[in-house]
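This report refers to the structure that appears directly beneath it.
The residues of the chain are indexed from 1 along the displayed sequence.
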Amino acid sequence: MSFVTALRCRECHREYALAATHVCEFCFGPLEVAYDYDAIRRAVSRVSIERGPASMWRYAPFLPCDAENRVDLGAGFTPLVRADNLGRRLGLRQLWIKNDTMNPTWSFKDRVVEVAATRARELGYDTLACASTGNLANSVAAHAAHAGMRAFVFIPSDLEAGKVIGSAVYHPTLVAVDGSYDDVNRLCAELGDRYPWAFVNINVRPYYAEGSKTLGYEVAEQLGWQAPDHCVVPMASGSLFTKIHKGLKELHQVGLIEEPLTRMHGAQAAGCAPIATAWSEGSFNFRPVKPRTIARSLAIGNPADGYYALRTLADTAGAAAAVSDEEVVEGMLLLAETEGIFAETAGGVVVAALRRLAEAGRIGPDETTVAFVTGAGLKTQEAVTDAVVQPLHVRATVPSFEEALAVREAAGTAGR
Ligand SMILES: *Cc1c(COP(=O)(O)O)cnc(C)c1O
Ligand SMILES: [Zn+2]
């Protein structure tokens, strides 16, 4: 049972049937799912949610598909980890990490794909497809395998090895395209007109995007049914960023939390920062860029939701940060060494942005802050290969070990 009423244009508010379509025919605005919030309010309570499955599907009444027939590998309800060690380094006493590396294919994309795959099947599709910066490819391939659907997965040809293998292993038709993500996306938009496939982030994008709201719901529930003061979120297309905020607002709308006063902060890599750049210029019109950064999962030069991300930044008095690739690597190592969480490059972007915001006094020491770590580090090993201390290499004798350790200790690189 779903509480969806229509697809609605974000600009002119015209309504459309609940089909596989994503653009308004009148004004070319993006379509978004509309709900009957009064009915949701009557149907859910904190207790009913808490009794639900330990996955994102505990929030099924807020999703645009029927949970009975869901494609479910167990995405969501990931740990919200208290980060006191990292907090001490940054001067923050109420810091939390939402650890979304702990998803079935090790990124938050499993949330959006479970909704998109479920809705695609409801709409009669037997083939899933996507244009991906890497993590989406992994998730679409895995969920198609689980659901017994065909999969066409398009990626830029120069992705990290972990992301290529992390798709190929599920045996989709994996297509490596010469060009950037924006080239891949353009190709997929054309293919979408020719083939009867559900492109999760193109023709079924309105449904797909709703999956990201579950991150907002979970964080509020895990904080004891309250919204945090600050969220720090990585931005690629900007969809995740806007939907976390939408999730918090919806919880208030149906009476589950107080009105959220959360400041939404967006993190990008300097080598691909169209949203952060527009923000720093005080503009709502970003200029597309040609990405050049190790944060490949965020390398979208022409972000589909860039305008709405800028609106969310403005509406919540947030801030956007663009961090260098060196800071990304430092951020990955800092998170790993302080909290035991190995994030991919996007996580490094978030930690680096968090550090900037804390140092600039944008986040107060006692304000509740959640940093969203959205993908796992084993997929982007290239980024830290040269930055980590190599293992002590020894023969299987005690003297060999002690000799090698002494050398390391003298050099001050022995590890904790
Ligand atoms: C895709 C992705 C994002 C951002 O997604 P958008 O919704 O396009 O902004 C963030 N982190 C990781 C690890 C991703 O794969
Ligand atoms: Zn419109």
Relative to each other, are the rings of Tyr35 and Tyr37 parallel, tilted or perpendicular (30° and 60° limits)? tilted
I'd like to know if the side chain of His252 reaches the main chain of Glu259, judged simply by a donor and an acceptor atom lying under 3.5 Å from each other, with no hydrogens or angles considered. yes
Evaluation steps, side-chain hydrogen bond (donor to acceptor under 3.5 Å, both in side chains), between Thr312 and Asp315: CA-CA 5 Å; Thr312 299; Asp315 291 347; 5.5 Å; no
For side-chain hydrogen bond (donor to acceptor under 3.5 Å, both in side chains), just list the numbers for Ser55 and Arg70, CA-CA rounded to whole Å, side-chain angles, deciding distance to a tenth of an Å, and then say yes or no. CA-CA 12 Å; Ser55 74; Arg70 64 188 183 253; 5.2 Å; no
Side chain of Asn203, backbone of Ala198: donor and acceptor closer than 3.5 Å? no
Is the count of non-hydrogen atoms from other residues, nucleotides or ligands lying under 6.0 Å from Arg46 atom CZ greater than 12? yes
For Val44 and Phe3: C-alpha separation, side-chain torsions, deciding distance, then whether side chain to side chain contact (heavy atoms under 4.5 Å, CB included) applies. CA-CA 11 Å; Val44 306; Phe3 296 98; 5.7 Å; no
Please work out whether the ring planes of Phe199 and Trp197 are parallel, tilted or perpendicular, with thresholds of 30° and 60°. tilted
Side-chain donor-acceptor contact under 3.5 Å, Thr105 with Asp110: yes
For Tyr195, does the OH atom sit with more than 12 other heavy atoms under 6.0 Å from it, leaving out its own atoms? no
Would you check, one step at a time, whether the test side chain to side chain contact (heavy atoms under 4.5 Å, CB included) holds for Ile257 with Gln226? CA-CA 6 Å; Ile257 62 170; Gln226 59 186 23; 5.6 Å; no
Parallel, tilted or perpendicular for Phe62 and Tyr217, by the 30°/60° rule? tilted
Under 6.0 Å from the CZ atom of Arg287, do we count more than 12 heavy atoms belonging to anything else shown? no
More than 12 heavy atoms from other groups under 6.0 Å of CD on Glu382: yes
Going by the side chain to side chain contact (heavy atoms under 4.5 Å, CB included) test, name the single residue among Arg355, Arg356, Arg362 that passes it with Glu359. Arg355
Say whether Asp178 and Ser157, considering side chains only, have a donor N or O and an acceptor N or O under 3.5 Å apart. yes
Checking Ile300 against Asp182 for the side chain to side chain contact (heavy atoms under 4.5 Å, CB included) test, could you report, in this order, the C-alpha distance in whole Å, the side-chain angles of both residues, the deciding distance, and whether it holds? CA-CA 6 Å; Ile300 297 184; Asp182 299 284; 3.8 Å; yes
If you measure only the distance, is there a donor-acceptor pair under 3.5 Å linking the side chains of Glu344 and Asn135? yes
Step by step, work out the side-chain hydrogen bond (donor to acceptor under 3.5 Å, both in side chains) result for Tyr59 and Glu221. CA-CA 11 Å; Tyr59 294 101; Glu221 179 183 349; 2.3 Å; yes
Tyr208 six-ring face occupied by Arg119 cation (under 6.0 Å, within 45°): no
Modelled atom types, side-chain donor and acceptor of Glu32 and Tyr308, under 3.5 Å: no
